[in-house]
Amino acid sequence: MIIASNLKTNLTRSQTTSYMMDVENFLEKNTLSQEILVFPAQSSLSAHSGQVTQGAQNAYATTNGAFTGEIGTEQLEEFGIKTILIGHSERRHILGESQESLVTKFNFYKNLGFKIVYCVGEPLDVREQTDEVMMKYLDLQYEGIDTSYENLIIAYEPVWAIGTGLTPSLEDISKIHLKLKEKSTAPLLYGGSVKVDTAKDILACEGVDGVLVGSGALAVENFCKMITFAEEAGK
Ligand code: 13P
């Protein structure tokens with residue numbers, strides 16, 4: 001399974017370095033077969049070697065250039081980063097990234113062979129409508145995306161569950177994941193208010209290949225516990 005921590009706009013570089021080291025130490029002491037990804041804040045990226053894969057929460061579709069506030073592959077290469085998160089709901093909804101711009105970014109990083117964690121998810125007003133409406137909404141987020149890309153991981157993150165403490169029922173998580181799996185055979189993570197208390201049950205759901213965790217993984221010991229739960233789930 002894939003256990004991923006999205007640190008968002010949290011932790012300084014030194015805090016992030018010790019977070020990464022704590023996870024590495026945990027993995028060294030325990031023989032585990034999970035794939036571990038950590039996405040630090042942009043200014044907290046640094047050189048890292050070990051079992052944990054460091055990814056970027058965002059980057060522009062460029063090598064370098066005049067894109068104020070963005071980073072490109074020149075900055076990622078400095079730290080050997082070949083993994084990127086694309087389409088996170090906070091970038092879609094707060095930063096206003098369109099599906100068109102996400103497709104451009106996706107194709108740029110796909111052509112460079114990056115591992116891409118591509119996020120999809122519906123807001124509450126869509127969720128409150130019929131299943132058909134919801135699936136149509138999610139369909140649009142797959143538009144233009146090469147769902148057979150070999151280095152693709154998809155994360156289903158309902159917008160209304162992110163940072164709210166709310167999650168869909170376990171039945172709903174399975175139901176939606178199985179539907180989304182009809183669109184792509186890429187590993188499918190669940191994200192949205194996963195906590196140490198709920199991770200075990202979510203990881204056990206049919207159709208769930210891992211989790212993408214925000215606030216619930218900020219305390220490194222909780223993130224490590226989730227890695228153990230994934231191992232115990234034996235998938
Ligand atoms: P929370 O776990 O804080 O709800 O955030 C989820 C998320 O957005 C992970 O990418």
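Read the numbers this way: they start at 1 and go in the same order the structure lists the ligands and their atoms. A quick note: this is a predicted structure, and the numbers were derived from the prediction, not measured.
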When clusters are formed by joining ILVMFWY residues with side-chain heavy atoms under 4.5 Å apart, either directly or through shared neighbours, do Leu152 and Val208 land in the same one? yes
Hydrophobic side-chain clustering at under 4.5 Å (ILVMFWY, transitive links): who's grouped with Phe67? Put none if nobody. Tyr60
Basic-acidic side-chain contact under 4.0 Å: Lys136, Glu122: no
I'd like to know if Glu232 pairs up with Lys200 as an ion pair, taking the criterion as any Lys NZ or Arg NE/NH1/NH2 lying under 4.0 Å from an Asp or Glu carboxylate oxygen. yes
Return the set of residues passing ring-ring contact (aromatic ring centres under 6.0 Å, His included) with Phe39 (not counting sequence neighbours), or none when no residue passes. none
List ligand 1's nitrogen or oxygen atoms that come under 3.5 Å of a protein nitrogen or oxygen, with the partner atom and distance.
from	atom 1	to	atom 2	distance (Å)
ligand 1	2 (O)	Gly214	N	2.9
ligand 1	3 (O)	Ser215	N	2.9
ligand 1	3 (O)	Ser215	OG	2.8
ligand 1	4 (O)	Gly163	N	2.6
ligand 1	4 (O)	Ser193	N	2.8
ligand 1	5 (O)	Lys8	NZ	3.0
ligand 1	8 (O)	Lys8	NZ	2.8
ligand 1	8 (O)	His88	NE2	2.7
ligand 1	10 (O)	Asn6	ND2	3.0
ligand 1	10 (O)	His88	NE2	2.9
ligand 1	10 (O)	Glu157	OE1	3.2
ligand 1	10 (O)	Glu157	OE2	3.0

Please tabulate, one pair per line, all N/O donor-acceptor pairs under 3.5 Å involving side-chain atoms of residues 212-220, not counting sequence neighbours.
from	atom 1	to	atom 2	distance (Å)
Ser215	OG	Lys195	NZ	2.9

